[in-house]
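Worksheet: the structure to be examined is printed underneath.
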Amino acid sequence: MGRATNGGWELCHEWDYPPAGEPLQELCRTEDARDIAKFTADGRYRVLKAGRDLRSGWILRLPSVEDLVRAVDLIYPAAIGLWLAGERGDIRVVGLRETLSRQTGMYRNARCISDVGISRIVEGRCRATCLRKILWPEGKARSKDDPDNPCDQEITLICSEACPLLVADAARAAKEETEGASRIDE
Amino acid sequence: MEMGDCVEKSGSWADRKSALLLVGHGSTENPASSDPTHELAQLIRERGIFAEVHCAFWKEEPNLRMAGYGIEASEVYVVPHFVSEGYFTREVIPREMELTGPTTSIHGKIWHSCDPVGVHPRLTELLLERAREIGPDAHPEETALLIVGHGTALSARSTEATRAQVRRLRESGAPYREVREAYLEVEPFVSNWDKLCESPAVIVLPFFVADGLHRERDIPNLLGLDPERRALHQNPFRVRGKRLYLAGAIGSGSAMADIIVDQVRNFDATRGKDQ
């Protein structure tokens, strides 16, 4: 993001800065940011907004810094607030086991997932697909090659607590573990 | 005085720098599921009566746990964009947002838990307007209104809002021959709609805020609609010997925005806050 020559603000994908080559799709409404974040370049629904699959090829021109902040918030929900809270030392970190233990209904069994299961889903969901920096303890076990930040970012995207996507993954994995154990017992 | 006028003239929520947080369900499969909530937030934002207007979701971002980080205001009115007081409004939302009562002071903010939109009396009028729009050729004296809610075994109260709407529709004096209720997951099941309704014509009104998978896939399947024909949204359909009209979800127009604002006003009125 940066100042435009007319005094407004511009927001684009880092791959499109500085501008070169193919012309960018010009957008000018703050709400356009939600559309940018909703689908991948090949039209798949992006539930994980901090995913590594944000499409490029657009530039959003906005008149005010308030519009810019809102646009960033639509692309990376709550990211600025979390980053500011982190700068103040005011983030509430919640461990994955605590998150899973309070689930009810269809996700109640997520608490039964094994530690090995947790490592697998964190690797598969978080490390493979998400740009957020994990603060909760179960997500911090890493190989010696993992960077401290997943990428070089001006504003760090922060994960203070496992999201509902990971909770759903845990519920599925716990069910598979239980069914696998039942088959062995038979 | 029209609903909404009083609040807009006083502007007290904006003066107090209060925020409105609309809480929706969202979906990991249907990208359009959260659209009504976002559209309503934008409508209300444009009215300028709150210092901030935000959305949060159970299944989308910002989720219920991260929502507070995106709000600068120290006072937040939480309005669930749900039609019923059931599992989500009574258990999931309070649990995830750590709301312990009508007003909760936590994490440096004051959170007010307002009633969900589904329990507002104005919804009855919206449903009747929808019935007239979708079935203009249906003669009320030979037509049933069938209100379809979700229902869930997880909450004994999940059918209360739908049942209450059916009662209000019957009491409204609307000329329809019958008004019935049906559900996706509890009895009476929507799959038995033709036995539940005696009338030769039935207008099905999904009691959902958004046209998600329930409206687009589950309800048509359970009604017995031809998958190819229903994709064209051609009302009425001829199914099981009856004429069937299928409406969309409640929607996100200015009338629904008025309801949301009214739920905030009602909260203040019942808790004795000045406006």
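To find a chain, count down the sequence lines: A is the first, B the second, and so on, and within it residues start at 1.
- The residue among A:Lys38, A:Arg70, A:Met106 with the most heavy atom pairs within less than 4.5 Å of chain B is A:Arg70.
- For chain B, no part of A:Arg46 is nearby; none of its heavy atoms comes within less than 4.5 Å.
- Between the CG atom in A:Leu48 and the OG1 atom in B:Thr28 there is a gap of 12.0 Å [rounded to 0.5 Å].
- Heavy atoms from other residues, nucleotides or ligands lying under 6.0 Å from CZ of A:Arg92 number more than 12.
- Contact annotation for A:Val167: neither backbone nor side-chain heavy atoms come within less than 4.5 Å of a heavy atom of chain B.
- The stretch residues 92-110 of chain B places B:Arg95, B:Glu96, B:His107 near chain A, each with some heavy atom under 4.5 Å from a heavy atom of that chain.
- With 3.5 Å as the limit, one finds a donor-acceptor pair spanning the side chains of B:Tyr87 and A:Thr104.
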Evaluate B:Glu72 against A:Leu84 for side chain to side chain contact (heavy atoms under 4.5 Å, CB included), listing each step before the verdict.
CA-CA 11 Å; B:Glu72 287 188 37; A:Leu84 289 172; over 6 Å; no
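- Proximity to chain B (any heavy atom under 4.5 Å) is shown, for A:Ala37, by neither the backbone nor the side chain.
- When the candidates B:Gly70, B:Pro62, B:Cys55 are compared by the number of heavy-atom contacts under 4.5 Å with chain A, B:Pro62 comes out ahead.
- Residue A:Ile80 does not touch chain B at all, counting heavy-atom pairs closer than 4.5 Å.
- Taking both residues in full, the closest heavy atoms of B:Ser27 and A:Val47 are given as O-CG2, 4.4 Å, listed atom of the first, atom of the second, then distance.
- The part of A:Phe39 that comes within reach of chain B is its side chain, from C-beta onward, which places non-hydrogen atoms under 4.5 angstrom from that chain.
- Neither the backbone nor the side chain of A:Thr99 comes within less than 4.5 Å of any heavy atom in chain B.
- For the pair B:Asn63/A:Glu161, no side-chain contact is recorded, criterion being any heavy-atom separation below 4.5 Å from C-beta on.
- Distance check: A:Asp90 CG to B:Tyr69 OH gives 7.0 Å after rounding to the nearest 0.5 Å.
- Of the residues considered (B:Met66, B:Gln42, B:Arg45), B:Arg45 shows the highest number of contacts with chain A, using heavy-atom pairs under 4.5 Å.
- Contacts of B:Thr152 with chain A are absent, with no heavy-atom separation under 4.5 Å from either backbone or side chain.
- For the side chain to side chain donor-acceptor pair (under 3.5 Å) test, residues two or more places apart in sequence or in another chain that qualify with A:Glu177 are A:Ser114.
- Ion pair B:Glu61/A:Lys49 not flagged as a salt bridge, since none of the NZ, NE, NH1 or NH2 atoms sits closer than 4.0 Å to an Asp/Glu carboxylate oxygen.
- Heavy-atom pairs under 4.5 Å with chain A were tallied for B:His38, B:Glu29, B:Glu60, B:Lys59; the largest tally goes to B:His38.
- Heavy-atom neighbours of A:Tyr17 OH from other residues, nucleotides or ligands within 6.0 Å: at or below the threshold of 12.
- Residue A:Glu31 touches chain B through its side chain alone, counting heavy-atom pairs closer than 4.5 Å.
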